[in-house]
Amino acid sequence: MASTLYRLHTHLWRARNQSLFPAVIGARWMSNSQSPLSDIQHGRLEINKTSTPKKLPALETLKFGHNFTDHMLVIPWNSSQGWGTPEIKPYGPLSLDPSSTVFHYAQCIFEGLKAYRNKKGKVTLFRPDLNMARMNLSAHRLALPTFNGAAFLDLIKELVRLERHWIPQENGHSLYIRPVMIGTQNTIGISPPDSALLFVICSPVGPYYPDGFKPVALHGTTEYVRAYPGGTGAYKIGANYAPGVFPQKQAAKSGYVQNLWLSGPEHNLTEVGTMNLFVVFRQEDGTLELVTPPLDGMILPGVTRDSILSLARSHAAGTLRLPNLTSKLVISERGVTMKEVCDAVQSGRLVEMFGAGTAAIVSPINRIGYQGKDIEIPVEDNGMGPVSRPIWADLVARQTGEVESDWSVVVYEE
Ligand SMILES: *Cc1c(COP(=O)(O)O)cnc(C)c1O
């Protein structure tokens, strides 16, 4: 089973052809239609609007994930009926029995995606089908119920349309959407839950780096691991994140912003904090090699990671021109060890290193504390490097709709 899922996983995330996604997802995740249990149905949506809308927060006060909109989407599930009535209702506390399994055994998965609103009021999502597919993989891994991703996405669009006035239209601003599923069975036993709750909350956010891109210093962590072979590192499950907080606190004590998670005796680089990792090497002949670790089960298959790889590959193939990226570029999904990084820094072949994820998009790295020494990673004056900057610019233009893209999904247009 594990290997089937892994193959599906790799297949899902390697699939360049977008039309593959519905086929794969359909075959695997819409199987509920053969069972007597109900799947998520857009048509059953009930909307109960708040009578006390909040005042919109001032843009300059926005802190990532601190403000929430007026409404939330809630969909209950139980093992006898399947998915129940979806409801959009006023944002507020959930009432749960203290015996609910989520409180004891961390039966919790989540997603993170953004909605953008341009100056003309057009609202778009970025590759949300990938978040739906990934959430189903996470649900399956935790024995939580899977669902029809297209129907859930339709409901998320309803919520975003209702809350569209909350989406700041300024550059670098967006609405962060957080879907969550928790096990709510009221018994203190470890089993697949007989009830669960799927909900979505939304948070208006500003740029991750309001004062321009600030490179981060990392602690090359050898005393803790984030993920391990056969573990759950490739899934967005709540239980992966709480254990990372203490190591991050330790790293901060020594002046590092995040952990650079290393793996195995060779100290393979895996991820940065909660972001995917990219390294750029200059080869002997001047070719630049953009490298990211492969999806080996320890790496979270990021939407940003996939998008960066895809744009870089199109550029390398000549089907897309990224301005100001003139060096020959090759792209590799392969392992990178700390030894390779140290050697490349010494010989001047390390060009840049950066983290990638929905929240910050691209996060340049300028220093790694490793085995008692600091390794200086090159950064350009303006933060990002010669490969990340053009890719970032193109990616952001597709996210905001400035550049036409199949990846951008329209939610609302005036
Ligand atoms: C969410 C996440 C990422 C980035 O994924 P995106 O889909 O690009 O936001 C990378 N690593 C970890 C551990 C994550 O949780």
Side-chain angles (χ1 to χ4, degrees), residues 9-26 111-137 149-150 152-154 156-157 160-161 164 167 169 171-179 202 205 207-208 236 275-276 278 290 292 295 300-323 325 329 331 333 354 356-362 387-413:
H9 206 162
T10 319
H11 179 61
L12 263 174
W13 289 92
R14 294 242 165 109
R16 297 271 166 276
N17 180 353
Q18 289 240 354
S19 66
L20 269 177
F21 279 89
V24 173
I25 298 161
E111 271 304 322
L113 65 160
K114 283 173 169 175
Y116 303 84
R117 184 162 64 129
N118 75 8
K119 295 278 187 310
K120 290 186 191 137
K122 181 170 160 186
V123 178
T124 53
L125 295 171
F126 186 71
R127 308 188 78 186
D129 50 329
L130 298 192
N131 297 93
M132 298 297 104
R134 187 169 68 187
M135 195 169 192
N136 266 316
L137 290 167
F152 184 40
L153 181 55
D154 282 341
I156 291 176
K157 288 178 185 171
V160 171
R161 271 194 285 273
R164 64 182 183 272
I167 315 176
Q169 289 167 291
N171 273 347
H173 291 66
S174 57
L175 186 71
Y176 186 80
I177 303 168
R178 170 50 62 87
C202 302
V205 295
Y208 214 77
K236 246 177 153 62
M275 284 182 283
N276 291 120
F278 286 85
L290 174 67
T292 195
L295 300 179
L300 197 290
V303 176
T304 318
R305 175 188 181 280
D306 189 82
S307 306
I308 289 173
L309 285 174
S310 170
L311 293 176
R313 285 189 172 120
S314 301
H315 176 81
T319 53
L320 168 77
R321 204 184 70 85
L322 294 170
L325 187 49
L329 185 68
I331 294 96
E333 287 178 78
F354 57 95
T358 296
I361 310 176
V362 163
V387 177
S388 61
R389 177 168 289 275
I391 294 180
W392 167 82
D394 194 87
L395 183 55
V396 168
R398 281 162 204 273
Q399 289 173 335
T400 57
E402 209 180 300
V403 163
E404 189 78 18
S405 169
D406 297 347
W407 288 345
S408 185
V409 174
V410 178
V411 174
Y412 179 82
E413 224 164 345

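The heavy-atom pair separating I391 from A312 by the smallest distance is CD1-CB, 4.0 Å. Contact between P323 and P390 at its shortest, heavy atoms only, is O-CB, 3.5 Å. Residues V205 and Y176 approach most closely at CG1-CB, 4.0 Å, considering heavy atoms. Between L153 and P128, the shortest heavy-atom contact is CD1-CB, 3.5 Å. Minimum interatomic distance between P207 and H173 (heavy atoms only, all atoms of both residues): CD-CE1, 3.5 Å.
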> Checking side chain to side chain contact (heavy atoms under 4.5 Å, CB included) for the pair S388/F278: CA distance, chi angles, key distance, verdict?
Replying inline: CA-CA 9 Å; S388 61; F278 286 85; over 6 Å; no
>> Between D394 and L320, does the side chain to side chain contact (heavy atoms under 4.5 Å, CB included) criterion hold? Intermediate values first, please.
In response: CA-CA 10 Å; D394 194 87; L320 168 77; 4.3 Å; yes
> Which is it for H315 and I331 under the side chain to side chain contact (heavy atoms under 4.5 Å, CB included) test, yes or no, and what are the steps along the way?
Replying inline: CA-CA 10 Å; H315 176 81; I331 294 96; over 6 Å; no
>> Apply side chain to side chain contact (heavy atoms under 4.5 Å, CB included) to residues L125 and I177 and explain how you reach the verdict.
In response: CA-CA 10 Å; L125 295 171; I177 303 168; 3.5 Å; yes
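Contact annotation: the side chain of R305 approaches that of E333 to within less than 4.5 Å [non-hydrogen atoms, C-beta and beyond]. Side-chain contact between V411 and R161 is present, with heavy atoms from C-beta onward closer than 4.5 Å. In this structure, M135 and K236 have side chains that are not in contact, with every pair of non-hydrogen atoms separated by 4.5 Å or more. Between V160 and Y412 there is no side-chain heavy-atom pair separated by less than 4.5 Å. Within the 4.5 Å cutoff, side-chain heavy atoms of L395 are placed close to those of F126. S408 is not listed as a side-chain neighbour of Q399, based on a closest heavy-atom distance of 4.5 Å or more. Residues P179 and L113 are in side-chain contact: their nearest non-hydrogen atoms beyond the backbone lie under 4.5 Å apart. Side-chain contact between N118 and T400 is absent, with no heavy-atom pair separated by less than 4.5 Å.
Interatomic distance, CG of D129 versus CH2 of W407, reported as 11.0 Å (0.5 Å rounding). Taken to the nearest 0.5 Å, the NZ atom of K114 stands 12.0 Å off from the CG atom of N131. Once rounded to the nearest 0.5 Å, the distance linking CZ of R127 with CG of D406 reads 9.5 Å.
Partner of V387 under the side chain to side chain contact (heavy atoms under 4.5 Å, CB included) criterion, out of L325, L322, I308: L325 alone.
Listed for the N276 side chain is no donor-acceptor partner under 3.5 Å among the backbone atoms of G357. In terms of modelled atom types and a separation under 3.5 Å, the side chain of R398 and the main chain of S405 share no donor-acceptor contact. Checking side-chain atoms of R134 against main-chain N and O of E111 turns up no donor-acceptor pair under 3.5 Å.
Remark: T304 engages no residue in a side-chain hydrogen bond (donor to acceptor under 3.5 Å, both in side chains) (not counting sequence neighbours).
For K119, the NZ atom counts as densely surrounded, since its 6.0 Å shell holds more than 12 non-hydrogen atoms of other residues, nucleotides or ligands.
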